[in-house]
Amino acid sequence: MRLLVSWLRDFVDLDAPAEEIAESVGLRGFEVASVEAFDDHDAVIDFEVTANRPDCLSVVGLAREVAAIYNLPLTLPSPSAGAKIAMKALPIGASDHLAVTIEDAELCPRYAAAVADVTMGTSPDWMNRRLRAAGIRPISSIVDLTNYVLVELGHPMHAFDLAKLAGPEIRVRRATAGETITTLDGVERKLDAEMLVIADRDRAQAIAGVMGGAGSEVSSSTRRVVFESAYFKPTSVRRTSKRLNLMTEASARFERGADIGAPVFALQRLAALIDQISSGEMVRPIIDEYPAPRQAAPLHLRRARLAALLGVAVPDPDVDRILRGLGIAVTAAPDGWDVMAPTFRVDLLREVDLIEEVGRHYGFDKLAATFPVVTAPAPPPDPRIPRDELVRRVLTAAGLSEAVTFGFIEARAAEAFATAGSQPAVALANPLSAKFDTLRPSLIPGLVDAVAHNRRHGRDNVRLFEIGTRFAIDGERRAVAVAWTGSVAPLHWSAGGRPVDFFDVKGLVELLAHALDVPLRFEPVDEPFLVPGQAAAIVCTDSAAAGSRVGLAGQVASGLSPKDRVYVAELSLDLLDQARVRSSDATRPLPRHPFAVRDLSIVVPDTLPAEIIRGTIQAAGRDAPAPLTSVAFFDRYQGKGVPDGAVSISVRLTFQAPDRTLTDAEVQQSVERILTALVREHRAVQR
């Protein structure tokens, strides 16, 4: 909000320089973007007004803050003779010149309008100067008047050329499906049934709270206008503005919450300005359609609560002065104050909001540093915190860097990765932009984008992980994901670099599973975003959650990855928690007896996963005479001597007993039992 200091002084009799005013207001919670000289004897202060304070998107709103800071009276527009800021008190009632009908009182609780006979021309220099200082380009006297009231009072207005309407009638209704309107910027826009429009008898003439239509635009030939001064539901204006990708000065105020008590007041101020610049005359009366009038919200401020929250007892006279200075009606109560929050303060909803107002104007610098009163023991720490820290330490020690990506992603990317779950992606009702319109169903899209960003900036080897939340229709889930591209290790003169492959990412998953005490196995899987044959489902074994799928690993398919091959894995931390094997912390002695090793080479179909072979061997060796302690694959061969469609697999079996030295006969019986199972289950042939 750009505030011209001389305009501010219309409302507050203050001689302080612009820099001092900016500093004083800044200490009360308003960030100052800049203080600039304007002309020879004036200045403009640019305030960053937060979204919860739409009342300060106006000169009078900021003047009210300044008046409270300096403990000065605030001058408001008045109909009295000789008033510094004029307001023309016009009667309210039905008009013979215009009919107004509100068809949707939910989206438009109040609509005021007035007809005026006007003389089109240019605005006086003083008005043009003030509008330019506020960042608004002067257009014509009538349009400039509506913009002047917008900046001064913070209430948007619009002017229709009455002669261009289909009859002297205004209807506030929802748009019909597929209805179109050409707005003042010359763009034809398609509307839907969720949007509110201002229409005449035949068609829409404005998008409520956003922009007027070109069909009823005032021009040099306009002689009679309809001035609109209304209140529209903030969520309706915000939704319409986002869907049409159309942001205006009016929508910026309406979507944050305009003052429902201001429409008639704004028209009365406009009437005085018309007389002041001799641009016409209002045709009485003002039409005010207000089906369900709203009253100021009653609140109660407790003296004890104020002191407890601020940590200091603010004197009663100061509390009364501050609240009254901000335009808030105050009545003394035995334990504090009864307060009526005015309609222009849409942010005052609870007692704590009043405490914030007292605190910031009393001065946060006056509040001593104190510890809050402890009334209950602190809750136990969330068990997920140490779990996430363990995951973070393991992956960082493995050479990965932690990434933090957005929780919002593009719908196209979300749909591709949502297939890994059983539910569709969750779309946002009010997205920030088209690129952030869906809650992420997976952490992988964000990590893949981060990898691509690093590769575009010359990083050859990228290893990232993220711990975060995934979203689905039935709730949120914590997960961990990794993405890896480039070489396994940095280049070194002693050996050439080896590109990362599926088994490197598989090793990361196994390392993490070991740290979390979760037994896992890998099974083939088909996912559209992973390369066939380079994808696996991660499944729990030997636990309460045996057989449950906890994640995926594989190579990202082309079209979703950057130029180089990217290998990813993602695991549900919540499911891993359920699958953890709570092993005893007791130590176990090292084995005292020697182990026996046997190598076994078999020919099996090349489509048979090694994990299934491992499972068959472990199941057969479970009750064998010689206890089987390890199964390791060390060779894979296809070629001469091996039939087409088959593969030779070499596996090393390790046997060891905790209480004795194994005999050759026990070991041989165990190997034969395992071989028999392989022949029976997979038609394996020993080489």
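- Between atom CZ of residue Phe265 and atom CG of residue Leu270 there is a gap of 12.0 Å, rounded to the nearest 0.5 Å.
- Remark: Arg345 engages Glu357 in a salt bridge, criterion side-chain N to carboxylate O under 4.0 Å.
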Taking only distance into account, with no hydrogens and no angle test, what donor-acceptor pairs under 3.5 Å do side-chain atoms of residues 89-110 form with protein atoms, sequence neighbours excluded?
| residue | atom | partner | partner atom | Å |
| --- | --- | --- | --- | --- |
| Ser95 | OG | His97 | N | 3.1 |
| His97 | ND1 | Arg224 | NH1 | 3.3 |
| Glu103 | OE2 | Arg171 | NE | 2.8 |
| Glu103 | OE2 | Arg171 | NH2 | 2.9 |
| Asp104 | OD1 | Glu106 | N | 3.2 |
| Asp104 | OD1 | Leu107 | N | 3.2 |
| Asp104 | OD2 | Arg174 | NE | 2.6 |
| Asp104 | OD2 | Arg174 | NH2 | 3.4 |
| Glu106 | OE2 | Lys233 | NZ | 3.2 |
| Arg110 | NE | Asp288 | OD1 | 3.0 |
| Arg110 | NH1 | Ile260 | O | 2.9 |
| Arg110 | NH2 | Asp288 | OD2 | 2.8 |

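- A side-chain donor-acceptor contact under 3.5 Å links Asp353 to the backbone of Arg350.
- In terms of modelled atom types and a separation under 3.5 Å, the side chain of Asp200 and the main chain of Ala166 share a donor-acceptor contact.
- Summarising the geometry of Pro77 relative to Phe11, their closest heavy-atom pair is CD-CE2, 4.2 Å, with the distance given to 0.1 Å.
- A heavy-atom distance below 4.5 Å is not found between the side chains of Arg470 and Pro441.
- Here the CD-CD1 distance, from Glu20 to Ile69, works out to 10.5 Å after rounding to the nearest 0.5 Å.
- Counting heavy atoms of neighbouring residues, nucleotides and ligands inside a 6.0 Å radius, atom CD of Glu23 does not exceed 12 of them.
- Using a 4.0 Å cut-off between a side-chain N of Lys or Arg and a carboxylate O of Asp or Glu, Arg269 and Glu152 qualify as a salt bridge.
- When atom types are taken as modelled, the side chain of Ser58 and the backbone of Asp55 share a donor-acceptor pair closer than 3.5 angstrom.
- Proximity of a side-chain donor or acceptor of Arg256 to a complementary backbone N or O of Ala252 within less than 3.5 Å is detected.
- Ala332 and Trp337 get closest at one heavy-atom pair: CA-CD1, 4.4 Å.
- Nearest heavy atom pair, residue Val426 against residue Ala472, reads CG2-C, 3.5 Å.
- Counting heavy atoms of neighbouring residues, nucleotides and ligands inside a 6.0 Å radius, atom CZ of Phe364 exceeds 12 of them.
- A distance-only check finds a donor-acceptor pair linking the side chain of Arg324 to the backbone of Val330 [under 3.5 Å].
- Under a cut-off of 6.0 angstrom, the local environment of CG in Asp192 is crowded, with over 12 non-hydrogen atoms contributed by other residues, nucleotides or ligands.
- Remark: Arg2 is not positioned above the aromatic ring of Phe38, lacking an NZ or CZ atom under 6.0 angstrom from the ring centre and at most 45 degrees off the axis.
- Residues Glu36 and Asp46 form no side-chain contact, since every pair of their non-hydrogen atoms from C-beta on lies 4.5 Å or further apart.
- Scanning all heavy atoms of the two residues, the minimum distance from Ala159 to Val218 falls at O-CG1, 3.9 Å.
- Residues Tyr290 and Val264 form no side-chain contact, since every pair of their non-hydrogen atoms from C-beta on lies 4.5 Å or further apart.
- Put simply, OG1 on Thr180 and CZ on Arg203 are 11.0 Å apart, with the number rounded to the nearest 0.5 Å.
- Under the 4.5 Å side-chain criterion, counting only non-hydrogen atoms from C-beta, Arg253 is in contact with Leu150.
- Separation of atoms SG (Cys56) and CZ (Arg28) is listed at 13.5 Å; rounding is to 0.5 Å.
- Here the side chains of Arg9 and Val5 are in contact, with some heavy-atom distance below 4.5 Å.
- The minimum heavy-atom distance linking Phe471 with Thr469 is given by the pair CE1-O, 3.6 Å.
- Distance CZ/Arg132 to CZ/Arg137: 12.0 Å, rounded to 0.5 Å.
- At least one side-chain heavy atom of Asp185 sits less than 4.5 Å from a side-chain heavy atom of Leu246.
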Inset, instruction - Show your reasoning for whether side-chain contact (heavy atoms from CB on, under 4.5 Å) applies to Arg440 and Thr405. - result: CA-CA 10 Å; Arg440 63 183 181 191; Thr405 64; 3.1 Å; yes
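- Without hydrogens or angle criteria, Ser241 side chain to Arg238 main chain gives no donor-acceptor distance under 3.5 Å.
- What you find for Val32 and Gly26 is that their closest heavy atoms are CG2-CA, 4.3 Å.
- The distance from atom CZ of Arg243 to atom CG of Leu191, rounded to the nearest 0.5 Å, is 11.0 Å.
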Legend entry - Step-by-step side-chain contact (heavy atoms from CB on, under 4.5 Å) determination, Leu299 to Ile328: CA-CA 11 Å; Leu299 297 173; Ile328 302 170; over 6 Å; no
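- At least one side-chain heavy atom of Ile170 sits less than 4.5 Å from a side-chain heavy atom of Tyr111.
- Panel note: side chain Glu351, backbone Arg302; a donor-acceptor pair is recorded below 3.5 Å.
- A salt bridge is absent between Arg129 and Asp125: the closest approach of a Lys/Arg side-chain nitrogen to an acidic carboxylate oxygen does not fall below 4.0 angstrom.
- Counting heavy atoms from C-beta on, the side chains of Trp7 and Asp42 never come closer than 4.5 Å.
- Between the side chain of Thr248 and the main chain of Val210, a donor-acceptor pair closer than 3.5 Å is present.
- Among Asp10, Asp144, Asn147, the single residue meeting the side chain to side chain donor-acceptor pair (under 3.5 Å) criterion with Arg130 is Asp10.
- Comment: Arg360 does not engage Glu356 in a salt bridge, judged by the lack of any side-chain N to carboxylate O separation of less than 4.0 angstrom.
- The backbone N or O of Val339 lies less than 3.5 Å from no partner atom in the side chain of His300, so there is not a single donor-acceptor pair.
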Legend entry - Candidate pair His155 and Ser229, rule side-chain contact (heavy atoms from CB on, under 4.5 Å), full reasoning: CA-CA 8 Å; His155 196 81; Ser229 181; 3.3 Å; yes
Legend entry - Step-by-step side-chain contact (heavy atoms from CB on, under 4.5 Å) determination, His158 to Gln205: CA-CA 11 Å; His158 183 65; Gln205 295 290 354; over 6 Å; no
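- Heavy-atom neighbours of Lys84 NZ from other residues, nucleotides or ligands within 6.0 Å: above the threshold of 12.
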